[in-house]
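When a residue number appears, it is its place in the shown sequence, counting from 1. Bear in mind the structure is a predicted one, so any value in this text is a computation, not a measurement. We use all heavy atoms of the structure for the numbers below, so side chains are in, but hydrogens, waters and symmetry mates are not. Order of listing sets the numbers, starting from 1, for every ligand and every atom in it.
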Amino acid sequence: MQIPISYLCAMQKIGILGGGQLGRMLLQAAANYPVETFVLENDPECPAAHLCRHFVKGDIKNFDDVYAFGKQLDAITIEIENVNVEALEKLETEGVRIYPKPSVLKTIKNKILQKEYYRTHQIPSPEFIVTPDAAALKEQLAFLPAVHKLGEGGYDGRGVQLIKKEEDLSKGFDAPSVLEKMVDIRKEIAQMVAINDKGETALYPPVEMLFDPQLNLLDYQLCPAEIDERTLWKVEAIALSVVRNFKSPGIFAIEMFIDKNGDVLVNETAPRVHNSGHHTIEAHYSSQFDMLWRVILGYPLGNTEAILPSIMVNVIGADKYSGNAIYEGLEEVLKIENAFVHLYGKKQTKPGRKMGHVTILSKDKQDLLYQSNKVKHGLIVKA
Ligand code: ADP
C-alpha cells in the first residue's frame with residue numbers, strides 16, 4: 001500500500017506494541033517527526049512509558065487489547081514479535097498500516113515456519129528437521145550434533161538447547177520444535193536492512209557479534225564486521241533475499257553464521273529494530289530508529305553509512321544481584337571519550353537482564369577493544 005501524499009506532512013498517530021528499551025529508543029527518535037505516539041504495554045513503569053504521548057495499559061498478546069489500541073491509529077509497529085497477530089490482521093484489512101505486515105510476524109514468530117520460509121525461498125540456513133515432541137527427538141540420533149529450538153515462545157537463548165550427543169537428547173523440548181544441524185561457526189554477524197512501501201532498500205554495514213557463553217546473551221558487537229569483500233556480497237545478497245521475499249515494508253535484522261568454510265547461513269530474522277542496531281544511534285548518519293520512522297512515515301530512506309567504526313557493549317545485570325538497580329562505575333565510563341551511555345530506566349535488575357548499552361566510537365580498532373573492555377568490566381549493575 002502506498003502512503004497518500006497528504007500523510008507525509010500531517011501529524012500521524014502511530015502505535016508501538018511493547019514498551020521495552022527498543023520502544024524507548026524508537027520514541028527518542030520520534031521526537032524529530034510529526035507523530036503522535038502511542039504505546040501498548042501492561043507495565044506502566046516500562047522503559048517506554050514516560051516517553052510516549054499516550055500510554056495504554058494492555059496486553060500485547062490479547063486480541064481485544066491490540067484491536068482496540070490499533071483502531072484509533074494510522075499505523076502500528078512492534079518492538080517484540082510475540083504479539084496478537086490476528087488483531088493486526090483485522091486492523092490491516094480495515095486500513096491500518098502495519099510494519100512489518102502481520103503475515104511476516106506469523107512466519108517469524110514460529111521457528112518451524114521461519115525455517116520453512118528459508119527453505120522455500122532457497123535462502124541458505126542450517127539443515128533442519130521438525131520434531132513434534134520429545135519422543136520424535138529421541139529418534140534423531142543420526143542427525144547429531146544439533147541444536148534444538150522451540151517453535152514458539154523462546155527468546156534470548158531460552159528455547160535453545162545444544163544436543164551434541166545421545167545423552168543430551170533428554171534435554172530437548174517436548175513441544176513442536178526444529179532440530180538444526182550444528183554449524184561450525186567462525187563468526188556470528190547481523191545485517192540490518194530497511195525496506196519502504198515502494199520496495200526501496202537500505203543496508204547498514206554488517207556487525208560482528210561476540211556472546212557471553214554462560215548467559216547466551218550478546219556481549220560486544222563490532223561495526224563494521226571484519227569480513228572479506230566476497231563474504232560481504234554474499235551476506236548482502238542473502239539478507240536482501242530474506243527481506244524482499246517477505247513483501248513487507250519495515251526494518252529487519254538478519255542474524256547469520258559464517259562457517260569455517262566461509263559459507264553464509266541465516267540463523268534467524270527479527271522484523272523490527274534490534275539489539276544489533278543500537279550502535280547506529282551515534283555511529284551512523286541515520287540510526288535504525290530514525291530509519292524505521294522514515295519507512296513508516298513515507299519519507300526518503302536515511303543514510304546508513306558509518307560516521308566512525310564502533311563497538312557496542314550491553315550493560316547486563318550482574319550475577320547474584322536482584323532488586324533496585326545501582327550503576328557502579330558509571331562516572332568512569334562517562335569520562336571515556338566518544339562513549340555514549342544508554343540506561344533503559346529499568347528500576348529492577350536481575351542476573352542477565354539487559355539494563356542498558358554503551359556505544360564507543362573510534363577510528364582505531366585497538367582503542368575500541370580497549371575501551372569496550374573497560375566498560376564491560378568497569379560498569380557493574382548491582383542491587
Ligand atoms: P535466540 O532466538 O534465543 O536468540 P538463536 O537461534 O539465535 O536463539 O540461538 C542462540 C545462539 O545459539 C546463537 O547465537 C548461536 O551462538 C547458537 N546457535 C544457534 N543455532 C546454531 C546452530 N545451528 N549451530 C551452532 N550454533 C547455533
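- At a heavy-atom cutoff of 4.0 Å, ligand 1 is contacted by the side chain of V160 but not by its backbone.
- Dense packing is recorded around CZ of F55, with more than 12 heavy atoms of other residues, nucleotides or ligands lying under 6.0 Å away.
- Every atom of ligand 1 is numbered from 1 in the order shown, and the set under 4.0 Å from a heavy atom of F257 is 15 (C), 18 (N), 19 (C), 20 (N), 21 (C), 22 (C), 27 (C).
- Taking the six-membered ring where the residue is Trp, H279 and H284 present perpendicular rings, their angle passing 60° and hence far from 30°.
- Using a 4.0 Å cutoff on heavy atoms, M209 does not count as a contact of ligand 1.
- Near E188, the atoms of ligand 1 lying under 4.0 angstrom from a non-hydrogen atom of the residue are 13 (C), 14 (O), 15 (C), 16 (O).
- Residue L162 does not touch ligand 1, judged by heavy-atom distances below 4.0 Å.
- With F143 as the aromatic partner, K181 meets the cation-pi criteria of under 6.0 angstrom to the ring centre and within 45 degrees of the ring axis.
- Counting only non-hydrogen atoms, the option in K149, K111, E255, E127 that gets closest to atom 19 (C) of ligand 1 is K149.
- No option in V207, N314, N373 other than N373 meets the side-chain contact (heavy atoms from CB on, under 4.5 Å) test with Y220.
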For residues 329-338, which side-chain donor-acceptor pairs fall under 3.5 Å, sequence neighbours excluded?
{"residue": "E332", "atom": "OE2", "partner": "K335", "partner atom": "NZ", "Å": "2.7"}

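- The aromatic rings of H54 and F38 sit parallel to each other, their planes meeting at less than 30°, with 60° as the upper class boundary.
- The closest non-hydrogen atom to atom 4 (O) of ligand 1, taken over Q161, E268, E180, H148, comes from E268.
- An N or O contact shorter than 3.5 Å links V183 to ligand 1 by distance.
- Heavy-atom proximity to I185, at under 4.0 Å, picks out these atoms of ligand 1: 25 (C), 26 (N).
- For an aromatic pair to be called close, the ring centres must be under 6.0 Å apart, and H274 with F252 fails this.
- In summary, the atoms of ligand 1 found under 4.0 Å from a heavy atom of M182, numbered by their order in the structure, are 24 (N), 25 (C).
- When each atom of ligand 1 is checked for a heavy atom of K181 under 4.0 Å away, the hits are 22 (C), 23 (N), 24 (N).
- Ring-centre distance between Y299 and Y33: below the 6.0 Å cut-off.
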